[in-house]
Amino acid sequence: MSEFAELIQSPFLWRAFIGGAGVALIAGPLGVFIVWRRMAYYGDTLAHSGLLGVCLGFMLGLSPTLGVLIVCLALAALLVFLQAREKLAADTLLGLLAHTALALGLVALAFLDTLRFDLSAFLFGDLLAVENIDLIWIWGGGVIAMIVLLMIWRPLLAATVDESLAVAEGMPVHRAQILFTLLVALVIACAMKIVGVLLITALLIIPAATAQRFARSPEQMAVFASLIALLALVCGLLLSLCFDTPAAASVVTCATLLFALGRIIPSNT
Amino acid sequence: MPDQSDLLRLDKITFSRNRRVILDAVDVVLHQNEIATLIGPNGAGKSTLLKIALGLIQPDRGTVWRKPGIRIGYVPQKLTVTPSLPMTVSRFVTLSVKAPRNEIQAVLEQTGVDSLIDASVHTLSGGEWQRVLLARALLSKPSLLLLDEPAQGLDVIGQNTLYDLIQRIRDDFHCGILLVSHDLHLVMASSDQVLCLQHHICCSGKPETLRQDPAYLALFGERNIQSLAAYHHRHDHEHTLYENAPVPLPFSPFSTNDDE
């Protein structure tokens with residue numbers, strides 16, 4: 001029991017919590033838009049490009065997170081550009097970009113024999129190995145994303161309900177949509193290291209989907225989603241401590257359990 | 001030439017998509033206090049013309065003039081709020097235009113759905129939803145109202161009430177209303193100007209004049225006036241009478257008497 005108390009006081013756990021909390025807080029408002037706008041596969045596409053970003057960062061002598069950020073933002077810009085030009089279905093276009101980025105990442109990795117690379121941490125995150133520099137990335141990116149999202153909230157919400165009506169009513173819709181696309185790239189790049197490539201989209205979508213049943217307004221759903229993500233984080237970290245399970249995977253498992261629980265509890269709406 | 005009461009002028013609008021001509025040199029003029037109805041079969045280009053009037057799409061040729069500084073209310077043909085997005089009626093109508101609750105209440109009262117102010121948009125019936133959409137368009141106190149099939153999905157009684165409501169809105173707001181419909185029969189009575197569109201304006205005029213016009217009768221056929229679903233637009237331009245006729249008609253108080 002005293003062993004547990006010691007663990008609870010350890011700095012790595014607190015760094016994991018603070019980092020995870022940063023991701024959870026921004027995951028709420030960002031995740032609800034991803035759910036409403038049916039953009040889940042977009043998040044996955046960005047995550048697929050992570051490996052390419054890590055390689056790029058290594059080649060240019062930058063931090064891996066900065067490399068991932070550059071690649072994610074470039075991919076987001078490319079997507080906006082292609083969507084306006086190509087007559088391909090959105091999911092076809094995303095599939096094309098996702099797998100091309102992944103393949104390029106693997107090819108690039110083969111050329112870099114000096115790069116020490118922890119594939120498991122990359123795929124599934126390393127929540128318990130969060131360092132101070134990661135906290136700066138997460139909270140820096142998170143705060144920027146939150147401020148911009150609050151600024152574009154109104155036009156983005158109007159466009160999410162109906163784009164042409166929002167344009168007709170004079171909302172700056174296109175600017176808001178492009179900014180949102182970049183925001184998702186920013187948050188995914190900043191959170192990738194701790195949550196992992198394969199689990200990042202889950203943290204954006206599952207709390208939002210859980211919140212939907214209990215919310216009466218869009219804003220309520222965003223706040224509930226953040227709180228649910230926080231709760232999943234705490235439960236997941238405890239689970240990871242008690243049973244020595246992988247941390248990020250435990251958080252996502254807890255998020256899913258909360259989702260299932262939310263379906264059982266009668267909603268008031 | 002531009003009249004003081006002109007709100008909207010579309011001049012020789014031409015628009016093609018994928019090598020198909022959707023609109024061919026279409027002229028429309030809408031004045032203040034006027035209800036103009038655009039009728040025509042499915043695929044005639046009605047919604048496209050409305051979107052061009054709104055500035056949502058650009059025509060290939062022709063000019064769009066909107067009176068500078070006017071506010072425009074728009075009711076799109078199809079709008080469904082994605083089911084995962086929780087939203088009340090009062091929130092929905094203020095998505096683009098901020099308004100205090102008493103103004104929201106007033107505008108919902110105007111369209112007869114004020115009791116639904118706190119209802120979820122996902123629980124409304126078709127008729128209620130159309131009225132909520134109309135209320136949203138009215139919230140900015142528009143001087144120009146563009147309605148794309150506002151009566152769709154309503155039964156005959158519902159349609160009649162809605163057209164009465166549209167007339168009342170014109171009288172209260174003193175706005176110009178351009179309305180798209182495929183229901184010929186009900187629309188006629190409340191319009192000041194009817195435009196028959198089949199990629200080009202086939203004929204236009206006041207409903208009374210139009211109704212007795214041989215070109216109009218040839219166009220729609222007396223039997224088909226009952227139901228536009230049975231109407232096929234297969235005439236071979238024997239209605240040349242109206243081909244170059246001036247489409248704009250001066251505002252006439254004629255058929256627009258208030259229902260108190």
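Numbered from 1 within each chain, the chains take letters A, B, ... in sequence-line order.
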Answer with side chain, backbone, both or neither: which region of B:P83 has an atom nearer than 4.5 Å to a non-hydrogen atom of chain A? both
Quick check for you: among A:T160, A:L165, A:D162, A:V167, which has the greatest number of heavy-atom pairs under 4.5 Å with chain B? A:L165
Which atoms of B:V121 come close to chain A, meaning under 4.5 Å heavy atom to heavy atom: side chain ones, backbone ones, both, or neither? neither
Return the option, out of B:R136, B:R71, B:K51, with the maximum number of heavy-atom pairs under 4.5 Å with chain A. B:R136
So A:V35 and B:L85, do their side chains get closer than 4.5 Å, heavy atoms only? no
Please report the shortest heavy-atom distance between A:E169 and B:S96, naming the atom on each side. OE1-OG, 2.6 Å
Assess whether atom CZ of A:R85 is packed by more than 12 heavy atoms of other residues, nucleotides or ligands within 6.0 Å. no
Any chance you could lay out the side chain to side chain contact (heavy atoms under 4.5 Å, CB included) test for A:R216 and B:M87, step after step, and finish with the verdict? CA-CA 6 Å; A:R216 291 273 296 157; B:M87 187 163 285; over 6 Å; no
Any heavy-atom pair between the side chains of A:W36 and B:P86 that's under 4.5 Å? yes
Are B:R91 and A:E219 close enough that some pair of their side-chain heavy atoms sits under 4.5 Å apart? yes
Below 4.5 Å from any heavy atom of chain B, which atoms of A:R38 appear? Answer side chain, backbone, both or neither. side chain
If you tally heavy-atom pairs under 4.5 Å against chain B, which of A:Q220, A:M221, A:R154 wins? A:R154
Which distance, rounded to the nearest 0.5 Å, do you find between the CD of B:Q77 and the OG of A:S164? 10.5 Å
Taking it one step at a time, do A:V161 and B:L79 satisfy side chain to side chain contact (heavy atoms under 4.5 Å, CB included)? CA-CA 8 Å; A:V161 170; B:L79 201 170; 4.1 Å; yes
What part of B:T80 gets within 4.5 angstrom of chain A, counting heavy atoms only: side chain, backbone, both, or neither? backbone
